[in-house]
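See structure below.
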Amino acid sequence: MLKIWNGMFVGVGGLGTITLKRIFEYAALKEPKIKKIIGAEKHGLAQREGAVDVYVRFLLSDNDEVPKYYLTSPTISIGEADLVIGLEPVEVLRNSKYTSSQTVFIINTNTIQPPLSISGQVKYPSIEEIKNAIKEISGSSKIIMFNATELAMNKMGQALYTNNIMLGAAISTGAIPISKEKIEETIAEQLKDVKKNLKAINIGYNIGTDLLSKI
Amino acid sequence: MESNILSNEKNKRVVLTGNEAFIRGALEAGVSFVSQYPGTPVSDVGVTFGKLARVVPNLYFQWASNEATSLEAAAGASWSGIKALCPMKHVGVNVASDPMSVIAINGPLSSTGQGGLVILAGGDPGSLGSHCEQNDRFYTWMLHMCHLEPSNVQEAKDFMVEGYKISSKFDVITYIRTTSRISHTREDITLGEIKFNQSLEGNFERNIPKYCSLPPHCIENHRKVYERMERIESYSKKFNTIIPGDNKLGIITAGVPFGYVIEAVRKLKLKNVPILKLGCINPINKEQVIKFCENQETILIVEELEPFIEVDIKRIVQEAGLSVKIFGHEYVRKYNELSVVDVVQSLSKITGVSIGYNEQKILQKYNKYLNLIPPRFPVFCAGCPERALIYSIKKATDEENTIYAGDIGCYVMSFFPPLKITDWVICMGGGLGASVGAAKVNKKPVLALMGDSTFYHTGLPAIVNAVYNKSNVLLFILDNKWTGMTGGHPNPNSGINGMGETVEKQNIAEIVKSLGVKWVRTVDPYQPKIMINTIKDALKINGLKVIISQRECMLQYQKLNREILLKSPRKVYYWINPDRCQMCGECFEQLCCTALKRTEINGREVMQIDQARCTNCGVCQKICLNSAIVKTEINVHL
Ligand SMILES: Cc1ncc(C[n+]2csc(CCOP(=O)(O)OP(=O)(O)O)c2C)c(N)n1
Ligand code: SF4
Ligand code: SF4
């Protein structure tokens, strides 16, 4: 059976969305049932704190022979996301048309106000409003929201570890078709400060497990 | 993170971006001379080549001053028998089009048939990282270049290897066109072999009819290029793929839209739709097209932007006298990038098969919440010197009665709200260019912005023109040391070149003075008071005045000094005393630094500084009307 798995990672330029995405890709190379990897990134203008949406798509199959042209688009369509990791809450809402009742959400509640909100011309919605909107648009009940930046600062002393905390939480939901071990192996190969990054994964894993059990 | 660009492990499955795959392909093809002016979506190609050139023997890379000088340099190498690559963005092709028109027609090879020249052109449908949307494809038709378009990352690599074969075999420029969605997509691919036998030892031999473009040679060379292109037409078959099917509707497509077509056809559950995927779109292989179209009732052409393939297919089909109906722009829009959803809609219209109910429901619900989502434009980095200059310009001038000419660089972002002080954006160098006309016919003062990279790129001729014609314009040259917007690339103002060699800076003030500008001042934009006074002084003087706003790009400064900054025993903090903050708007409306945050403290809304993002430029402290912003220095004992 052929199955396409879609991950969508959204945030703001500079938050490390692309690094997070690439961890998924390197880990996917270790997973025999993932036959093909594709996904669009956003570079250039988006780096200037613009909105960033990137995608990771896997073609899963138990059979080694897969059609040459099956998973071919670097971006995803309406309702197709299996997992959303939102490094900024409003950006998840901006991209929520790509989600459905099947989508699992991991959302950092730490906000980055766009210039028009800083200058007071446009209101930045409250976390409650964002959550309710995402819930209604997607129809999903698996929405995990917590302030990962604060957690990283408090537990690790640096905001740098935010994304791996988010990743850990995502692993805990079982929504990633790659095992925790393979992801940890990848982190050990690809990142510096391996110990601290793995610790971040576990912090995220625990909070994810905890929050999931409360849903 | 690990990069596999140089790996020679056989059959290794690696994940690369499209741009990395192009680089890999060029190395497999034996390229040794690479010349580029940066531009999205291909800026990172040059960055990577710059790094590789320091480890791969006989690989040379240069950051050129603009796309025309870049292509000319590449041609000089190729005419001497060296394989050359010239990446540029779509609007860069406009700049390079003048030399391109001659090099393409005369042929890029040496007199003895050595060398080869590939232009890697970065299209950008949807303007994901560009100041305008245009279809650069038409140049290949006009200038007789072999035009390949990969649909995925594997093809990005493979077509690059093949592109050099074509250039070498037929003495043409191969134009490989990528778009943002190929360049910045990562995919798992398999690699070929790099031989690492690059050579930088060329031999140019005189050949007046080939290289000197004047009649009668230019006409003879024009005749010959038609012949070469005709021979490529039959060769180009191998770049095209046919997916057979017996549906009466067939699809012809190329590039990244092919990927959308495959998934859209599946989403609509259309059965056995035959697809002709063109890898070479100039010249298009007629025989293949005719064979593909013969048995179809209808053909839909799916391509982004102006109909390029469509026009040629309609011509081929008409000349062959086929009765098949060909549609394209009637169902596929001619602007903005496409997506699977767009292709689903086009296919749904032409077949009458309706789109899934679920998707429509999600969209309906989504649209209900649209006004809850604040827009997010790209912004100046926290502590950006250009934002500080914009603040001073706003303070020193009467916004209602001043004309502000913008240009292309980070400062282009000053047209976004709340700053909103750019009146036009044309192209690199175009800001001052248009100011010359505006200043002649308007009573209002005219101010123009120009970045340092833009200054060397196309700004110089505009300055010469303004001096020569006695234009009354105040020009700001934003000397931030780097080509900022595209990612901090070196330029003649950086003191370093593409090979990492230290070079003497080409001093902007001296150049400007030597061009005849009498009033030139250099001011630090982090000193708003001085800047404001200097602007006011300048506006009292007639003619072209130049203020050089000199301060290194904050992003580059932080990148290059990360280690030092981390280890510094002295830490500086700027913070806002909530009791003094009156929400007057000076910092958040007039300056609008992104490190500022609206916060509620003790039930009152006040501004605060986000310490994780503040870069300690100190500008907000200098402009605060209520002395609410405080600078604290502490000595950390390490
Ligand atoms: C013809 C052309 N080539 C390349 C680009 C891509 N581009 C956009 S902004 C920019 C950099 C301009 O640098 P600079 O003038 O120094 O301004 P900064 O961004 O540093 O403020 C470039 C190269 C372009 N827009 N047009
Ligand atoms: S990259 Fe440099 S010049 Fe551009 S906005 Fe950031 S600090 Fe300013
Ligand atoms: S000192 Fe003020 S203006 Fe400068 S980066 Fe920090 S908050 Fe922004």
Side-chain angles (χ1 to χ4, degrees), chain A residues 12-13 19 21-22 25-26 28-29 36-51 69-79 90-91 93-94 96-97 99-100 112-125 129-130 133 136-138 149 153 159 189-191, chain B residues 1-2 13-15 17 40-41 43-44 128-130 151-153 180-181 184-188 243 256 258-260 262-263 266-267 339-341 344 358-359 362-363 365-366 369 372-381 410 413 416-418 485-487 585 588-589 592 594 596-598 612:
Chain A
V12 173
T19 311
K21 163 187 183 277
R22 292 186 173 187
E25 294 164 347
Y26 286 121
L29 284 174
K36 171 135 201 66
I37 305 163
I38 184 171
E41 299 184 345
K42 225 176 207 181
H43 299 219
L45 264 183
Q47 282 172 342
R48 302 279 167 280
E49 298 211 3
Y69 299 120
Y70 191 85
L71 172 62
T72 48
S73 167
T75 48
I76 66 172
S77 307
I78 317 277
V90 134
E91 294 314 311
L93 182 54
R94 194 186 308 285
S96 55
K97 62 173 178 238
T99 67
S100 74
I112 294 184
Q113 300 171 357
L116 285 187
S117 302
I118 296 176
S119 68
Q121 276 147 294
V122 179
K123 190 181 160 288
Y124 188 99
E129 283 175 301
I130 295 174
E136 199 200 317
I137 294 164
S138 67
T149 313
M153 296 285 259
E189 286 162 11
Q190 300 287 341
L191 300 181
Chain B
M1 283 205 177
E2 148 199 13
R13 188 170 159 232
V14 300
V15 188
T17 63
T40 315
S43 302
D44 46 315
L128 301 172
S130 302
S151 290
N152 53 50
V153 177
S180 298
R181 294 302 188 188
H184 298 153
T185 283
R186 279 173 43 107
E187 240 180 296
D188 55 326
I243 299 174
V256 92
F258 166 74
Y260 304 147
I262 290 285
E263 296 199 19
R266 191 166 66 232
K267 268 189 183 299
S339 64
V340 174
V341 180
V344 165
N358 253 347
E359 275 97 338
I362 293 174
L363 274 181
K365 285 189 284 184
Y366 176 74
Y369 285 100
L372 197 64
I373 309 171
R376 195 186 291 278
F377 312 117
V379 288
F380 294 101
C381 306
C410 288
M413 295 181 290
F416 288 125
M485 176 119 249
T486 42
F588 62 83
E589 263 170 15
C592 202
T594 40
L596 296 160
K597 224 172 172 170
R598 243 162 228 273

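- Side-chain contact between P374(B) and P125(A) is present, with at least one heavy-atom pair separated by less than 4.5 Å.
- Of the atoms belonging to L71(A), heavy atoms from both backbone and side chain fall under 4.5 Å from chain B.
- Both the backbone and the side chain of D188(B) have a heavy atom closer than 4.5 Å to some heavy atom of chain A.
- A salt bridge is defined here as a Lys NZ or Arg NE, NH1 or NH2 lying under 4.0 Å from an Asp or Glu carboxylate O, and R376(B) with E49(A) fails to meet this definition.
- Each of E589(B), E359(B), E263(B) has some count of heavy-atom pairs under 4.5 Å with chain A, and the biggest count is that of E263(B).
- Residues I262(B) and Y70(A) come closest through the heavy atom pair CG2-O, 4.0 Å.
- A pairwise comparison of heavy atoms in R22(A) and T17(B) identifies NH2-CG2, 3.4 Å as the closest pair.
- Taking both residues in full, the closest heavy atoms of T72(A) and G259(B) are given as OG1-O, 2.7 Å, listed atom of the first, atom of the second, then distance.
- Of the two parts of T99(A), only the backbone, made up of N, CA, C and O, holds a non-hydrogen atom closer than 4.5 Å to a non-hydrogen atom of chain B.
- Of all non-hydrogen atoms in F588(B) and S119(A), the two that sit nearest each other are O-CB, 3.4 Å.
- Taken to the nearest 0.5 Å, the NE2 atom of H43(A) stands 14.0 Å off from the OG1 atom of T486(B).
- In this structure, the separation between CD on E136(A) and CD1 on I362(B) is 12.0 Å, given to the nearest 0.5 Å.
- Only the side chain of Q121(A) comes within less than 4.5 Å of a heavy atom in chain B; its backbone stays farther off.
- Aromatic ring pairs are classed by plane angle as parallel below 30°, tilted from 30° to 60° and perpendicular above 60°; the pair Y69(A) and F258(B) is perpendicular.
- Only the side chain of V256(B) has a heavy atom closer than 4.5 Å to any heavy atom of chain A.
- Rounding to the nearest 0.5 Å places NZ of K365(B) at 7.0 Å from OG of S138(A).
- Residue contact with chain A, scored on non-hydrogen atoms closer than 4.5 Å, is absent for P41(B).
- Here the closest non-hydrogen pair linking R598(B) and Q113(A) is N-OE1, 3.3 Å.
- For chain B, the nearby parts of I118(A) are the backbone and the side chain; heavy atoms of each come within less than 4.5 Å.
- The CD atom of E187(B) sits 9.5 Å away from the CD1 atom of I37(A) when rounded to the nearest 0.5 Å.
- In this structure, the separation between CG on L116(A) and CZ on F416(B) is 10.0 Å, given to the nearest 0.5 Å.
- Shown here for T185(B) and A40(A), the closest heavy-atom pair between the two residues is OG1-CA, 3.6 Å.
- In this structure, no portion of A159(A) lies under 4.5 Å from any heavy atom of chain B.
- Listed by chain and number, the residues in a ring-ring contact (aromatic ring centres under 6.0 Å, His included) with Y124(A) amount to none (sequence neighbours excluded).
- For the pair F377(B) and P114(A), the minimum side-chain heavy-atom distance is 4.5 Å or more.
- Ranked by non-hydrogen atom pairs under 4.5 Å with chain B, the options A28(A), P74(A), S117(A), G39(A) are led by G39(A).
- With a 4.5 angstrom heavy-atom cutoff, K21(A) touches chain B only via side-chain atoms.
- Within the model, atoms CG of L93(A) and OH of Y369(B) stand 9.0 Å from one another, a figure rounded to the nearest 0.5 Å.
- Both the backbone and the side chain of T594(B) come within contact range of chain A, with heavy atoms under 4.5 Å apart.
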